[in-house]
Amino acid sequence: MKLLIYLNIIVVFCAFSCNIIEHNEIEVKEELEMLYYEAQNQYDSGEYVKCIISLLEAEEIAQQLDDYYYLGLIYNSFRIVYGDSYDVGNALKYAKLSYDNFLKSDSSRLAEYALLDLGVSYINAGEYKKGLSIIENIAERKNHYENLVDGNIFVQLYSDVLVIMGEYEKAKNLIRPLIIELDLKNGRNYKNLAMCYKNLNMTDSAFYYLDKALDMVENDNLLKYRIKYEQAELRGDLKLSLLFFKKMMILQDSVIRTSMKTGVINAIEVYNDNNTEIMKLELERDRWLYCCVIILLLLLFTFIIVLIYKKYNEILKKNDAELKNVKEQMNNVLTQLNRNSSELSKVQLLVKKLFGQKFELINNLCDAYFECQNTQREKNVIYREAISMITAFGEKQTLLELENILNECNNDVISRVREQIPWLNEKEISLLLYLYCGFSASAVCLLIGDKKENYYNKKSRLKNKILKSGAEDRDEFIELMNS
């Protein structure tokens, strides 16, 4: 009887102990889940350092529990945070850890996605062959292109890497069927296809797909600037291509600066260093607290007084310097305002004169049309009026007015041309006038009474004359011809 009682006591004690252990494991597991989801919320809020600290705490618990599923999730979160911070080394490190832990868990589907993330991380780290090998390995296990597509990730990754590696024909043959047959139309795919055609010297197709890509870009400003840069470069517009290249650099620089300000790059080192430093400080505090507290307070008080005094002096010096600088700037501004006022008056007179001439031309055409409307005579009269106006632009008086306007608006440019290149004849000076005024090729041909082929030859010969003239301002003269 006593034996049965003892046995019952042992069974109850074991059961109670198991319940305590199980209860403790449940609490630890709940704490793990809480830390992991808290880290996700912190990431969504842009609090990357807090997110990493929460993940580090969750990692310790997951390692204690040998929970490979959560370890895979945690390391994948590390990969995402470091990827957003452009720390490709750490992103690759945690992609490997995530894949290894998912392999140890019973989630083969997540292991497959982790393998894809590992391939992406290799690509981001510049190890294109390894990344491409992983992507091709995954692709070989699929039956058809439809099964490859997961948010276009395969298409975009595959084509991006092939374009980067210069395999344009292979990239083109991959992207075109996916766009046409599977209707995977997006800005990035079209941009990659355009790059293939560009490097295969198929310029018309490159222009076509760049236009398609630009139409499909929504909120990705970096991709939009890249497409416009490629379009400008294809057209040979170096000034516009440089503008969009600068915009891409500014946008990327702002993203990198924002990431660096968050302190993500050194978050783990700072976290570990802080833990070690805290332990040292606690030991030091326990040892010296009672004997040093008064001295520390006195030193702190003295330091604050000295600091306040120095800061006060610095503020006074800074204010004096700023006041002096403001006075100098005010004088400069007043001088500039006076100069701009005189220049503005001159420009207003020119604008008024030009508008008067344009309205006079329109008025003459309207009078001719009203008097002769709905008749064959109308067409003849308006035609003669138009020819008369075009002919007027070639008259000496009109050319003299254009020359005066250009000199006033462009720092005596025609006068400088005449002075520095005196051997140019009046026909060449007239051609310069029309070019500097911004007339189209067709308009210039009408004004000088010549064919387009001859116009381009004359323009080219004139440009060469200026280049070989040795004129001091020849670069400015040439630039105004091309503007």
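- Within the 3.5 Å criterion, the main-chain N or O of Ser415 finds a donor-acceptor partner in the side chain of Asn407.
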Atom pairs and distances, side-chain donor-acceptor, residues 223-234, under 3.5 Å, sequence neighbours left out:
| from | atom 1 | to | atom 2 | distance (Å) |
| --- | --- | --- | --- | --- |
| Arg226 | NE | Glu230 | OE2 | 2.8 |
| Arg226 | NH2 | Glu230 | OE2 | 3.0 |
| Tyr229 | OH | Glu233 | OE2 | 3.4 |
| Glu230 | OE1 | Lys198 | NZ | 2.9 |
| Gln231 | NE2 | Asp211 | OD1 | 2.8 |
| Glu233 | OE1 | Lys198 | NZ | 2.6 |

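- Here the shortest heavy-atom pairing between Ala95 and Ser121 reads CB-OG, 3.4 Å.
- Side-chain contact, Arg79 with Asn76: a donor N or O sits under 3.5 Å from an acceptor N or O.
- The two atoms that bring Tyr43 and Cys51 nearest to each other are CB-SG, 3.8 Å, heavy atoms only.
- With contacts defined as side-chain heavy-atom distances shorter than 4.5 Å, the pair Leu92/Glu127 qualifies.
- More than 12 heavy atoms of other shown residues, nucleotides or ligands fall within 6.0 angstrom of atom OH in Tyr455.
- Scanning all heavy atoms of the two residues, the minimum distance from Gly72 to Asn101 falls at N-CB, 3.8 Å.
- In this structure, the side chains of Gln42 and Ile53 stay at 4.5 Å or more apart for every pair of heavy atoms.
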Under the criterion side chain to side chain contact (heavy atoms under 4.5 Å, CB included), I'd like the reasoning laid out for Tyr208 against Leu210: C-alpha separation, chi angles, the key distance, then a yes or no.
CA-CA 6 Å; Tyr208 173 78; Leu210 282 173; over 6 Å; no
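- Judged by distance alone, with hydrogens and angles left aside, the side-chain atoms of Ser460 form no donor-acceptor pair with the main-chain N or O of Asn457 at under 3.5 Å.
- Residue Lys459 qualifies as enclosed at atom NZ: its count of foreign heavy atoms under 6.0 Å is above 12.
- In terms of heavy atoms, Val217 sits closest to Asp220 at CG1-O, 3.5 Å.
- The main-chain N or O of Lys50 is found under 3.5 Å from a side-chain atom of Ser54 such that the two form a donor-acceptor pair.
- Side-chain contact between Leu432 and Tyr434 is absent, with no heavy-atom pair separated by less than 4.5 Å.
- The two residues Asn411 and Arg416 make their nearest non-hydrogen contact at O-NE, 2.9 Å.
- Under 4.0 Å is where a charged nitrogen must lie from a carboxylate oxygen, and between Glu169 and Lys172 at least one such pair does.
- Between the side chains of Gln420 and Ser469, no donor-acceptor pair is found at a separation under 3.5 Å.
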Using side chain to side chain contact (heavy atoms under 4.5 Å, CB included), reason through Tyr36 and Ser77 one step at a time and then give a plain yes or no.
CA-CA 9 Å; Tyr36 174 76; Ser77 296; 3.6 Å; yes
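- Applying the side chain to side chain donor-acceptor pair (under 3.5 Å) criterion to Glu403, with sequence neighbours excluded, gives Arg418.
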Decide side chain to side chain contact (heavy atoms under 4.5 Å, CB included) for Tyr82 and Ile52; before the verdict, give the C-alpha distance in whole Å, the side-chain angles of both, and the deciding distance to 0.1 Å.
CA-CA 10 Å; Tyr82 279 109; Ile52 285 183; 3.8 Å; yes
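- For the pair Tyr168 and Met195, the tightest heavy-atom approach, listed with the atom from each and the gap, is CD2-O, 4.3 Å.
- For the pair Tyr436 (side chain) and Phe477 (backbone), a donor-acceptor distance under 3.5 Å is present.
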So Glu426 and Leu399, side chain to side chain contact (heavy atoms under 4.5 Å, CB included) or not? Walk me through it.
CA-CA 10 Å; Glu426 288 303 318; Leu399 291 174; over 6 Å; no
